[in-house]
Amino acid sequence: MKTKQEGRSLQEEALEKLRKNPVAVWSAILIVFICAVALLAPWISPYPFDEQYLDQVLAKPDARHWFGTDSLGRDMLSRLIYGARISMAVGVITALISLVIGTIYGAVAGWFGGFVDSGMMRIVDILDSIPSLVLLILVKLIFDSVDIISNPELKALTGMLLALSLVSWVSLARVVRGQILQMKQMAYVEAARAMGASGLRIVSQHILPNIVGPVIVLLTFQIPSNILSESFLSFLGLGLQPPFSSWGVLANDGWRSLKSYPHLMISPGIAIFMAMLAFNLLGDGLRDAFDPQMRGRSG
Amino acid sequence: MIARAWGPAVLGLFVLAVVMSFFNFEISKWQWMLNGVVFFGGAVVFTISRGMTFFVVKRLFETVFVVWMIASLTFILLRVLPGGPFDSEKALPPEVLANLAKKYHLNDSVPKQYLDYMVDLLHGDLGQSYKYIGRDTSAIIAESLPSSVQLGIYALLISYIVGIPAGVLAGWKQGSKTDFAAMFLAISGVSLPSFLMAPIFIMVFCFWLGWFEPALWEGPGYYVLPMVVLGLRPAAVIARLTRASVLEVIHSDYIRTAKAKGLDSRTILFKHVLRNSLIPVLTLSGPLAAGVLTGSFVIEQIFAIPGIAKHLVLSVTNRDYPLILGTTLLFSVMLVIANLVTDFLMAVIDPRVKMI
Amino acid sequence: MRLMVVMVLVALTAACTGKSSHLEYGLDVKETMRVNLLSEPPTLDWSKATDTTSATVIFNIMETLVNYNLADPELPPIPGLATDWTASEGARIWTFNLRKGVKWTDGTEFIGQHVVDGWERMLNPATASEYAYFLFPVKNAKAFNAGKIKDFKEVGIKINDQGQVVVELEKPMGYFPLLLTHHSTCPIRKDTVAKFGDKWTDPKNIQTLGAYALKVWDHDKNIVLERNENYYGEKAKIKNVLAYMINEYSTALNLFESGKLDFQETIPFKELPQYKNRPGFHSVPSLSLWYMGFNVRKPPFNDVKVRKAFSLAVNRKQVTDLLNGGHTPLTSWVPLGMFGYEKEIGTKFDAAKAAAMLDEAGYKDRTKFPKVSLALNTNENHQRVAENVQAQLKKNLGIDIQVVNEEWKVYLNRLHNDTPSLFRMGWLADFPDPDNFMNVMTSYSDNNYTGWKNKHYDELIEAAASSLDKEKRREIYKEAQKLLTETEVPVVPVFSDVRPILLSERVQNFPLNSINRWILKGVSFK
């Protein structure tokens, strides 16, 4: 079966496969572009994102404001560019947090098995069975009302990251646990065990490298779903603190005015759509490249 | 043997109920109770009949435990959440607040409130709503659940009806233009928040084409848009999953053997590929139902559907503790049962599942 | 079999499939006024209702002792169930003559005891009515509500030998009849309530006196009202009212556009330009107030100069221009449209003076000014105003404040327990008398979050409340408002609200009024 060294070469092979998949490559390029826009926001945005031009409220797209202005006369393009920052940050950071928690949790449960496993899995069951809507709202509200962080924008962002991570790490934990359960029974792991290698060593040296593939794939799907969840929180009125903008905040600001001010909805809509498309297509590509057997497991 | 009778029975009852509801016939309490008993009881009996009594009992106990933990967790979160049910724009004098606290036992210690709540819960009493004065939580649920269930079923049905054929077709013709188009549509389906999708649909189908009603929940013409918008995401998920699963089956040894034996491709598709590839789709039904429940809030809000998802969110805003607990528990129980039944069926289909 | 299984799984949720939804309850569009209530009324029990949605329904099915003349902008009281009233002992004792021959929907004759029953029920501690305090001016009412007095006979309401309702108050109160325009003071049928308990407001149980009767209450969906043929006054012109409960305004506007609504009352300011020039559009001023309060217990706002500087630095006109909906800029505490409103009262915008005032307060070096946030509850419009105020303070005073919003209940909780140094709040009139507004800032008011206490102000408010002399009251309120908004400045009034309303083209004689009481009995179709 696969050893660590083979695992490496497996990953190289996967990269090679990925490179030959034009859809995945274009998606990756788009993602890099979005990330670049997010990082370079202060330099490339034409106006400050929170400057109100009260004489140009709700302007339609024109030469001055390419994407028009919002109800306080703020430039939509600039808000969109800055919004990329927050949306991507929420997507990526939440995915990373849930990755760390999920991997450790799943690995511990899977490795120890028995009572530890069933106890830990009941907790997962509970989190899985509470409607995530309620959990999201309650956790977000509770966090927002605690005065740990004095900066309101940072506080809202942290609350959102926490709430989203709390509902999204569970699926990662399940996958990692399943993989570990499978691998525990494989010959080389049992051999290592028989030779007296410690559990930690086996997990970190033999098992974790082998589940990198599935985890990366899951991660790629987790990011867009976090971006969607962020917009959902905005819809619920639990999004970020204005004047800060994210794509979710902008989309929520715009959807009611599709008839009267379509530009308010269309630009954030397209931004979200493109990002989702890119991440999902890249995820598909990665999945095909890493392990054709994994297809479809993450949905 | 039981399975032979059980499947068609559930299916028949179900199809009858859906058709009746779509055309606005009243469906009696008995009918849906019968549906539930046949369905859930059948699954249990069926699983036990396969010699898995211990598994069934164990899972049932675990389920009760999970539901109890959810009730407790929600209860605790609510007490931590600042702001009370009677904080209002116009502050109330202390005398009035005292009367309210007395009426709703808000001055009791938290452990006592918790115990009282659990005892009531065991008696099947969810308490009275704080916001909707004088109405029982269970009555509110009973009145708002049907529309939501109706919406959810329509959405899930449409997602299966669209998703499975699309996925099979795409998988069967892997690499073709059909495949590409189907998958592109499927990914598009998950790429836009439903609150952006809904206004576009309303704009196109109500105001440009004039085919459907923009909102409300009064008959077939009103059902179509909400169910399509809500069903879009699950349909996309199902299509992608079915495709992947079909591919996996096609590349498996026994299909290769069948092909080598010279069986015609139609037979292979319908007899072997389809059957085997739908199992993973089946396992996804639980999470899918959960997704539909969560998503239905947006749809109910935008289409003004008198459903229960709205209460799930509004009750938190109103700090209507009994209603939050009631709706949360209801949703949890529905999810738990969905998962439970999936587990039973999977255990029967694939005995190895028991370990996981 | 496995294919079966897939269907079966779907059937899980099918275990309970929906009941049918009625199609418009067999109503005829030509005889039905279709309105949007915005949400499910929490209750139709008028002793317990506290919100505007419930009130709108209740005012159409129930009758109060005293009504407003909705045609007069000052909304003077006119006879309702009471035909006339007299005050004695300097407005401490009030005697009401009741209308004869008024019948409940079941044909029972309306009598004075029903009024007493209504008040007893409302004040009964076990009822736990939130608006019980409305009757606290009545003698011993507060003690009875607090459970200190057990016998309702000690409370100051009696029926005398001539069948008149005699109310004895704790102290004189010149505007007392206005309180009886509120739904919580309506008479009640004790027998109905006793018989049906919490279910007495169900359409089949409820007994009412109004121009419409409750026919259907399909929770979260519709309410149907039907003309009450037993009504004592002129009968309702339109036979039915069909009320929807749509709280998503874009949805409601979509329905209005497709001709399914006759009345919609929430239009966000963003959409106003689209509707402004339509024939059915009305912008109705509302007796309300949007203000910012200071927490005067803590620096920097314990210094009156700082408070004045802030008040001087806000250009109200700019705020209302931004809102773009015909809101009235406000510097006084009593809003436009109410007796006691004086345009000239209050600190007027003056940027130079504001900056000088702040210098004088010892903050010549602006960097020394403490970090301050403006707190508000999460709401699109509040946010917009707050951000504009933020920009104005920066420009006119050179001070950076932060805008912090919180969810409504979290926010209320904070106001009570840990009042922010600068916060936004509002007030909506319960009845059209300045006392309703002025009372908010008294030292004993539960709604005064600022911590500002002024004995002279309290005395002025009490003197005005007990007086029957309109001119004297006007003078007192003028003095009190000057004290509040010019001398002491614990609050910065910013604007008073308007309600944008859409009526379909066939609607006539809709009673537009500033207290948002939508009584439909006089409405007719073209």
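Protein chains get the first letters and strands the later ones, always in sequence-line order, with residue 1 at the start of each. What's counted below: heavy atoms across the whole structure, side chains too, no hydrogens, waters or symmetry copies.
- Note that the CZ atom of A:Phe235 and the CZ atom of B:Phe195 stand 7.0 Å from one another [nearest 0.5 Å].
- If you measure heavy-atom distances from A:Leu135 to chain B, the contacts under 4.5 Å come from the side chain alone.
- If you measure heavy-atom distances from B:Leu329 to chain A, you find no contacts under 4.5 Å at all.
- A salt bridge does not link A:Arg79 with A:Asp253: every distance from a Lys NZ or Arg NE/NH1/NH2 to an Asp or Glu carboxylate oxygen is 4.0 Å or more.
- Salt-bridge check for B:Asp87 with B:Arg319: failed, with every basic side-chain N at 4.0 Å or more from each acidic carboxylate O.
- The most heavy-atom pairs under 4.5 Å with chain A, out of B:Gly83, B:Ser191, B:Ala309, come from B:Ser191.
- With a 4.5 Å cut-off on non-hydrogen atoms, B:Val67 does not touch chain A at all.
- Options B:Thr63, B:Val313, B:Val336, B:Ile324 differ in how many heavy-atom pairs under 4.5 Å they form with chain A, and the most are formed by B:Val313.
- Only the side chain of B:Val316 comes within contact range of chain A, judged by heavy atoms closer than 4.5 Å.
- Residues A:Met160 and A:Leu238 share a closest heavy-atom pair of CE-O, 4.1 Å.
- For a residue to count as touching a neighbouring chain, one of its non-hydrogen atoms must lie under 4.5 Å from one of that chain's; by this rule A:Leu236 touches chain B with the side chain only.
- The part of A:Ile137 that comes within reach of chain B is its side chain, from C-beta onward, which places non-hydrogen atoms under 4.5 angstrom from that chain.
- Per-residue counts of heavy-atom pairs under 4.5 Å with chain A were compared for B:Leu192, B:Leu196, B:Leu335; the largest is that of B:Leu196.
- Neither the backbone nor the side chain of B:Val333 comes within contact range of chain A; no heavy atoms are under 4.5 Å apart.
- The number of heavy atoms from other shown groups lying within 6.0 Å of CZ (B:Phe207) is above 12.
- A cation-pi arrangement is found for B:Arg79 relative to B:Phe75, the charged atom lying closer than 6.0 Å to the ring centre and inside a 45° cone about the ring normal.
- Residue pairs meeting the side chain to side chain donor-acceptor pair (under 3.5 Å) criterion with at least one member in residues 320-332 of chain B, sequence neighbours excluded: B:Ser129-B:Asp320.
- Heavy-atom distances place no part of B:Thr242 under 4.5 Å from chain A, backbone and side chain included.
- Annotation: cation-pi geometry not satisfied between B:Lys310 and B:Phe297 (NZ/CZ under 6.0 angstrom from ring centroid, within 45° of ring axis).
- With a 4.5 Å cut-off on non-hydrogen atoms, A:Asp144 does not touch chain B at all.
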Please tabulate, for side-chain N and O atoms in residues 262-282 of chain A, each donor-acceptor pair with protein atoms closer than 3.5 Å (sequence neighbours left out).
from, atom 1, to, atom 2, distance (Å)
A:His263, NE2, A:Ala59, O, 3.2
A:His263, NE2, A:Thr69, O, 3.1
A:Ser267, OG, A:His263, O, 3.3
A:Asn280, ND2, A:Met276, O, 3.0

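- By number of non-hydrogen pairs under 4.5 angstrom with chain B, the leading residue of A:Leu136, A:Leu133, A:Val23, A:Leu127 is A:Leu133.
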